[in-house]
Amino acid sequence: MLKKKIENALNKHLNAELYSSYLYLSMAAYFHSQNLNGFANWMQVQAQEEMIHVMKFYSYINDRGGQIKMMPIEGPPTQWKSSLDVFEGVYKHEQLVTSLIHKLVDLAVAEKDRALQSFLQWFVDEQVEEEASADDVVQQLKLAGTTGPGLFMLDRELKQRAFTPPADTTE
Ligand code: FEO
């Protein structure tokens with residue numbers, strides 16, 4: 001059974017992961033409006049990955065006998081200044097999510113909830129990748145420039161990203 005304090009914190013985080021998916025879909029829509037379909041593809045895959053994160057929290061709260069509570073999702077931005085501006089936003093958002101995960105770990109340690117600590121470790125590791133992949137595109141955009149052939153080539157490259165659900169999400 002989950003302590004109420006932990007149940008509330010996990011529900012709040014589930015909402016943050018839903019917001020992440022919503023934010024990346026909004027970014028995908030922005031790229032579609034700019035005819036940058038490769039960038040849009042990257043964002044759509046990212047939004048799908050965020051839904052995997054949502055469902056991991058959903059299943060975990062349920063498995064521990066907690067009550068899942070859906071809360072309103074904040075409206076994400078819909079306009080950005082440039083492709084670089086968008087990806088800098090992704091990087092910043094992932095840094096925020098990392099800090100939220102680390103706070104959950106702190107709570108799990110303070111409440112001596114070993115099972116929660118173990119569950120959260122996957123997210124601690126995942127956030128390292130999440131930040132690195134966002135920063136990777138930021139750096140490539142800085143090299144390619146925000147218009148012209150460099151941007152075109154990068155758009156083609158990001159079109160290759162495909163969504164691969166992790167094996168353990170079918171449980
Ligand atoms: Fe679910 Fe990108 O953090």
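Counting convention: from 1, in listed order, for ligands and their atoms alike. Just so it is clear, the structure is predicted and the values come from calculations on it, not from any experiment.
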State whether Lys5 and Asp113 are salt-bridged, where the test is any N-O pair (Lys NZ or Arg NE/NH1/NH2 against Asp/Glu carboxylate O) under 4.0 Å.
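So Lys5 does not pair with Asp113 through a salt bridge.
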
Within a reach of under 6.0 Å around CZ of Phe163, are more than 12 heavy atoms found that belong to other residues, nucleotides or ligands?
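Yes, enclosed.
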
Return a table of donor-acceptor pairs under 3.5 angstrom between the side chains of residues 66-86 and protein atoms on other chains or two or more places apart.
from: Ser82; atom 1: OG; to: Leu84; atom 2: N; distance (Å): 3.4
from: Ser82; atom 1: OG; to: Asp85; atom 2: N; distance (Å): 3.1
from: Asp85; atom 1: OD2; to: Lys81; atom 2: N; distance (Å): 2.8

Suppose the cut-off is 2.8 Å; which protein N/O/S atoms would you list for atom 1 (Fe) of ligand 1?
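Listed by chain and number, the nearby protein N, O or S atoms are Glu17 OE1, Glu50 OE1, His53 ND1.
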
Measure the spacing between CD1 of Ile101 and CG of Leu96 and express it to the nearest 0.5 Å.
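Result: 10.5 Å between the selected atoms.
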
Show every donor-acceptor pair shorter than 3.5 Å between a side-chain atom in residues 33-45 and any protein atom, with sequence neighbours excluded, or say none if there are none.
from: Ser33; atom 1: OG; to: Tyr30; atom 2: O; distance (Å): 2.5
from: Asn41; atom 1: ND2; to: Leu158; atom 2: O; distance (Å): 3.1
from: Asn41; atom 1: ND2; to: Lys159; atom 2: O; distance (Å): 3.1
from: Asn41; atom 1: ND2; to: Arg161; atom 2: O; distance (Å): 2.9

List the residues meeting side-chain contact (heavy atoms from CB on, under 4.5 Å) with Val128, not counting sequence neighbours, and say none if there are none.
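Not a single residue meets the side-chain contact (heavy atoms from CB on, under 4.5 Å) criterion with Val128.
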
